[in-house]
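A quick write-up on the structure given underneath.
We use all heavy atoms of the structure for the numbers below, so side chains are in, but hydrogens, waters and symmetry mates are not. One-based numbering, in listed order, for ligands and for the atoms of each.
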Amino acid sequence: SRSRPCKVDAVSAKLQAVRGMNDVLPEEAALWRAFQALVEDWLERWGYRAIRMPLVENTTLFRRAIGEATDIVEKEMYSWRDELNAEELTLRPEGTASCVRAAIEHNLLYDGPKRLWYGGPMYRHERPQRGRYREFYQYGAEALGYAGPDVDAELIVMCARLWPELGLNGIRLELNSIGSAAERALHRAELIRHLQANEAQLDADARRRLQSNPLRVLDSKNPAVQEVAAKAPLLASYLGEASRAHFDGLKKLLAAAGVEFTINPRLVRGLDYYNLTVFEWISDALGAQGTVCGGGRYDGLFAQLGGKPASGAGFAMGCERLVALIKDSGNAPVARQPDAYVLHQGEGTLEYAFSVADALRAAGHPVVLHAGGGGFKSQMKKADASGAWVALIVGEDELRANQISAKPLRKAGEQQRIGRGRLVAEFAATLNRARS
Ligand code: ATP
Ligand code: MG
């Protein structure tokens, strides 16, 4: 068994985040927020509607959906036994299984097909490295109940349109068709023969999968195994007429939309549920972990999870890899600066400053109210460092006159008095001058 004693630290030991799970600090969190807002808006614009699933599911769901002889199920899942309810549970390693489970459980397709999206953390016990973490974020889109290549094309074209919106270029598309289960069965015998003939060059994973899941061997990241995979018989020559027609339909729609692709006959993807279309979006700027988005069709999954048979197709994109690309692109959005930083000094000025900040926030302005005391000089330094456009100054003078002094911080300009009674209108005018 894999069970080992827990590491127990002395009370004095420094506490750190769990390996492979990252804090996102404020500067980068601002970029994430901008990224998420854009992606979520884009998903809705393409007609996909949000669905939210739990982070924890019954382990059986993933074993059945993803497949036993896959990296995820064999070695990457965070699974445990919940003794309180005698249940075997798992932190979700991906979203498609949960999404289809939810669609079956709530009979979501009762009145027709559905386009759905979700976003959030996924968990896989991998070796942490650049672009590969144990907690990572994905956005997923799933088109449920559509059988034709039109939604395959839609899922791909929508990604093609997203990259430039994110300020990214150089993300290329690889495409393949892995046919139907019957076609893969025909190919399988010849593939096994080829792998057996080259068994000496295979690693332990590949040797184990040779019988259980030989197609998965083509997905190996081990260069020696890849060499064997490169000479393996191609699935493409086993595709029947219906599979070829589906693939041709997709290629035609992509061409019409002006989306370029390369056919990668060895692209099979890491999960078992796929059939027909599989695709990956890859950046060469990320090193070994270059796939930013992967997806395909999974027409067998509904039945496999005990639902009424229904078609499905979708993709999942890795947010950390995309955020890294945006960071490197130089087009990273910056955090919104506060419109005002409110300074105060003297008897009764804090209450007054509170009400000023309150009124401006109610009018929609981001406002920072100085906290922690100190003189005007040191407060002004903090106002400057905050990035605010305008410093609003409240001293005993201003309090007596029922006014506020306003000073532009990002350009030369005179300090002016604003009347408390016309605060919102006069501040808006001051802000305009300070930003123009
Ligand atoms: P890989 O071949 O890189 O292991 P995968 O086939 O396991 O990828 P999918 O399950 O298809 O990946 O997940 C879709 C996307 O999610 C990937 O293309 C990648 O961008 C991202 N992703 C997958 N695993 C991780 C991880 N451990 N850390 C960060 N991002 C990940
Ligand atoms: Mg993986």
Side-chain angles (χ1 to χ4, degrees), residues 17-22 24 32 35 39 62 65-67 69-78 90-100 117-142 155-156 159 162-163 166 168 171-176 178 205-206 209 213 215-223 225-226 229 264 266-274 277-298 301 312-327:
V18 173
R19 190 165 132 78
M21 307 203 180
N22 302 312
V24 177
W32 273 85
F35 167 78
V39 170
F62 301 116
I66 298 169
T70 58
D71 280 347
I72 293 180
V73 171
E74 277 185 348
K75 54 194 180 199
E76 294 174 358
M77 293 205 300
Y78 285 93
T90 293
L91 279 177
R92 66 180 187 191
E94 57 108 46
T96 303
S98 312
C99 188
V100 170
W117 72 264
Y118 52 81
M122 305 294 163
Y123 299 85
R124 298 184 193 176
H125 196 274
E126 309 206 60
R127 192 170 68 77
Q129 54 197 288
R130 183 173 182 228
R132 199 178 284 293
Y133 309 102
R134 290 178 174 176
E135 179 185 74
F136 62 99
Y137 278 68
Q138 283 185 341
Y139 275 108
E142 317 286 356
L155 288 160
I156 290 172
C159 292
L162 175 65
W163 314 135
L166 292 172
L168 301 177
I171 300 180
R172 61 192 168 77
L173 173 63
E174 289 193 358
L175 194 61
N176 192 22
I178 59 168
D205 268 347
R209 288 175 187 173
N213 196 346
L215 203 58
R216 192 80 318 114
V217 177
L218 303 183
D219 194 41
S220 168
K221 293 187 179 71
N222 178 339
V225 178
Q226 279 175 350
N264 175 355
R266 273 162 207 91
L267 183 64
V268 295
R269 315 262 312 112
L271 307 90
D272 268 359
Y273 49 59
Y274 289 107
T277 311
V278 292
F279 62 88
E280 289 193 353
W281 288 96
I282 302 165
S283 164
D284 295 321
L286 287 169
Q289 270 65 55
T291 304
V292 294
C293 176
R297 177 159 284 282
Y298 46 84
L301 189 54
F315 62 72
M317 55 175 72
C319 299
E320 284 76 9
R321 297 180 191 180
L322 286 167
V323 165
L325 285 175
I326 294 169
K327 241 167 123 183

Distance-minimising heavy-atom pair for [X] and [Y]:
X: A97; Y: E94; result: N-OE2, 2.9 Å
X: N213; Y: A69; result: ND2-O, 3.4 Å
X: R127; Y: R132; result: O-CD, 3.9 Å

Q138 near ligand 1 by a heavy-atom separation under 4.0 Å: yes
4.0 Å heavy-atom contact, K221 with ligand 1: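 Yes, K221 has heavy atoms under 4.0 Å from ligand 1.
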Closest candidate by heavy atom, reference atom 25 (C) of ligand 1, pool Y133, Y274, F136, Y137: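 It is F136 whose heavy atom sits nearest to atom 25 (C) of ligand 1.
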E142 and T96: side chain donor to acceptor below 3.5 Å: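 Judged by distance alone, the side chains do pair up.
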Salt-bridge present (R124, D71; N to O < 4.0 Å): no
Just need the protein heavy atom nearest to [atom], so name the residue and atom and give the distance.
atom: atom 29 (C) of ligand 1; answer: G131 O, 3.3 Å
atom: atom 3 (O) of ligand 1; answer: R132 NH2, 3.0 Å
atom: atom 7 (O) of ligand 1; answer: R124 NH1, 2.9 Å
atom: atom 21 (C) of ligand 1; answer: G318 CA, 3.6 Å

Atoms in ligand 1 with a heavy atom of E126 nearer than 4.0 Å: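 So the atoms of ligand 1 that pass are 24 (N), 25 (C), 26 (C), 27 (N).
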